[in-house]
2 protein chains.
Amino acid sequence: MNVAAERKLTILNTALNLVRNMGFESLSIASLAKEVGMSKSGLFAHFNSKEKMHLMILDHAAYTFGNDVFKKSLKSKRGLPRLKLIVHNWVRWYKTGEGGTCPFLAAAVEYDAKPGPVKDRLQLHTNTLIATLNKSIELCIEQGHFKPKIDTKKVTFELYSIIIGHLVYIRTMELKSANKIFQASLDDLIKRNSA
Amino acid sequence: MNVAAERKLTILNTALNLVRNMGFESLSIASLAKEVGMSKSGLFAHFNSKEKMHLMILDHAAYTFGNDVFKKSLKSKRGLPRLKLIVHNWVRWYKTGEGGTCPFLAAAVEYDAKPGPVKDRLQLHTNTLIATLNKSIELCIEQGHFKPKIDTKKVTFELYSIIIGHLVYIRTMELKSANKIFQASLDDLIKRNSA
DNA sequence: GATTCAAACGAACGATCGTGCTATTGTGTA
DNA sequence: TACACAATAGCACGATCGTTCGTTTGAATC
């Protein structure tokens, strides 16, 4: 990889980590520069505006998430095994000490009520995420693992919901039993929809 | 009510609205002062520090939420009717145009990784919220509406999850069918646990 | 080795941040 | 009505914000 491209990747990875631990607004260009180890103006030149920086972080988050969660699940057989791996990868995103909250959730807090390019991008990525999850549930039907009659939109919603719920239980409440409860709910959800 | 107390209520209500639409960090003392219509230093005197302001907003959010969602549900008969009203009141919190995201979710984004009094308070309120929800589910068992054998912690988790999920579907994705999907999931959850 | 061009830097800008002061206003009580 | 005191305002502070500018560095090209 290019030297310049590597540098940019380092910046975006660092930025993503910071955003996932303190939100978007708290991430100043100066603090990010210090974290990366370069000057404020030097880092600024990579983005040319804070809004563009936010957009790039959002894109990088989507790219990273797509890789870590969805792409890595392709090595499992399509259908239920793959769906399970997706959930497993997803949950790992929140559990690792290096991780943090969902970057899209962080963006949502600050941008849901602020129309503009950032909110649009956030919406795009969130829609893609849900659509991808929905697709992998449809695959479960196709493979005969789930009942054909189920409402995949509803199942997608429920699965996404307990993942976000798990995030809150783990990070905000720091509940010891969060993993166990989540797993029980997940198993139950799968059982309800299994053929 | 006292003039001073009324003023403080106005300040806190305004602050809460702002927080629910742009997060905690974006809420500066100056911007809040302007919104309320008073001077920066005049408003500052009410809190004496930004951290204390965040704490008071958090407390006010908990108080308001407790009133709007839980206290107002007491007029319904205990058990399932009351639980349904709780959920109804809760969802209304997100749907009104004046509303916004969950203030505790907003705080979580910025404070989950920052140990200190604010995170402690956030944790306290979130725990209380979940405990109260759990209690009202236990009441459903007591009243014979829910099966006695169900794991109330798990049901609480699932109910809380779809409410948060609904919030994301409504506010971030702005999905037209969000209400319908949520209602279907809610009905399903109730049916699964009904005696 | 000279030239070129992008990357990074240091310094500075106006604006705003949170936070102290002191003075002034307003409210409730004697 | 006069007094006491809380509430608010005005002003200034150092720090930090996003941003601009001109300069310096470093690597690739000729």
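For the numbers below, each heavy atom of this structure counts, side chains included, while hydrogens, waters and symmetry mates do not. Because the structure is predicted, anything quoted here is derived from the model rather than measured. Residue numbers begin at 1 in each chain, while the letters A, B, ... track the order of the sequences.
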Undergrad: List the steps and the verdict of side-chain hydrogen bond (donor to acceptor under 3.5 Å, both in side chains) for B:N127 and B:Q123.
TA: CA-CA 6 Å; B:N127 286 337; B:Q123 220 164 29; 5.6 Å; no

Undergrad: Can you find a side-chain donor-acceptor pair between A:N179 and A:Q183 that sits under 3.5 Å?
TA: no

Undergrad: Rounded to the nearest 0.5 Å, how far apart are CG of B:D151 and CD1 of A:I181?
TA: 6.5 Å

Undergrad: Identify all stems in which DNA chain D takes part, counting only runs of at least 3 consecutive pairs (Watson-Crick or G-U wobble, each distance under 3.5 Å), and give each as one range with another, ordered by first number.
TA: C:1-30 with D:1-30

Undergrad: With sequence neighbours left out, which residue pairs that include part of residues 75-86 of chain B fulfil the side-chain hydrogen bond (donor to acceptor under 3.5 Å, both in side chains) condition?
TA: none

Undergrad: Salt bridge (Lys or Arg N to Asp or Glu O under 4.0 Å) for A:E174 and B:K119? Distances and angles first, verdict last.
TA: CA-CA 11 Å; A:E174 296 176 343; B:K119 155 122 180 149; 3.1 Å; yes

Undergrad: Find the distance B:L32:CG to D:dT8:P and express it as a whole number of Å.
TA: 12 Å

Undergrad: For B:F182 and B:Y169: C-alpha separation, side-chain torsions, deciding distance, then whether ring-ring contact (aromatic ring centres under 6.0 Å, His included) applies.
TA: CA-CA 9 Å; B:F182 170 74; B:Y169 267 50; over 10 Å; no

Undergrad: Quick one, which residues of residues 111-122 of chain B touch DNA chain D with a heavy atom under 4.0 Å?
TA: none

Undergrad: Just the endpoints, please: which first and last nucleotides of DNA chain C, 5' to 3', lie under 4.0 Å from a heavy atom of chain B?
TA: C:dC17 to C:dG28

Undergrad: Give the residues of residues 33-42 of chain B touching DNA chain C, defined as any heavy atom closer than 4.0 Å, sorted by residue number.
TA: B:K40, B:S41

Undergrad: Can you tell me the distance, in whole Å, between the CZ atom of A:F44 and the P atom of D:dG22?
TA: 15 Å

Undergrad: Is there a salt bridge (Lys or Arg N to Asp or Glu O under 4.0 Å) between A:K50 and A:E25 once you walk through the steps?
TA: CA-CA 10 Å; A:K50 199 187 183 185; A:E25 205 61 32; 3.6 Å; yes

Undergrad: Work out which heavy atom in B:F157 is nearest to a heavy atom in A:S185; give both atom names and the distance.
TA: CD2-OG, 3.4 Å

Undergrad: How many angstroms lie between OG1 in B:T101 and CG in B:N21, if you round to the nearest 0.5 Å?
TA: 8.5 Å

Undergrad: Starting at CG of A:L124, measure out to CG of A:L129 and round the result to the nearest 0.5 Å.
TA: 11.0 Å

Undergrad: Students often mix this up, so state it plainly: with edges at 30° and 60°, are the rings of B:F24 and B:H54 parallel, tilted or perpendicular?
TA: perpendicular

Undergrad: With clusters defined by side-chain heavy atoms of hydrophobic residues (ILVMFWY) lying less than 4.5 Å apart, directly or transitively, does B:L139 cluster with B:I141?
TA: no

Undergrad: I need the residues from residues 45-61 of chain A with at least one non-hydrogen atom less than 4.0 Å from DNA chain D; give them sorted by number, or say none.
TA: A:S49, A:K50

Undergrad: Please lay out, stage by stage, how B:D188 and A:K154 fare under the test salt bridge (Lys or Arg N to Asp or Glu O under 4.0 Å).
TA: CA-CA 10 Å; B:D188 199 39; A:K154 175 169 159 288; 3.3 Å; yes

Undergrad: Do B:H60 and B:N13 have a side chain donor and acceptor closer than 3.5 Å?
TA: yes

Undergrad: Would you give the length of the straight line joining atom OH of A:Y94 to atom CD1 of A:I170, rounded to the nearest 0.5 angstrom?
TA: 11.5 Å

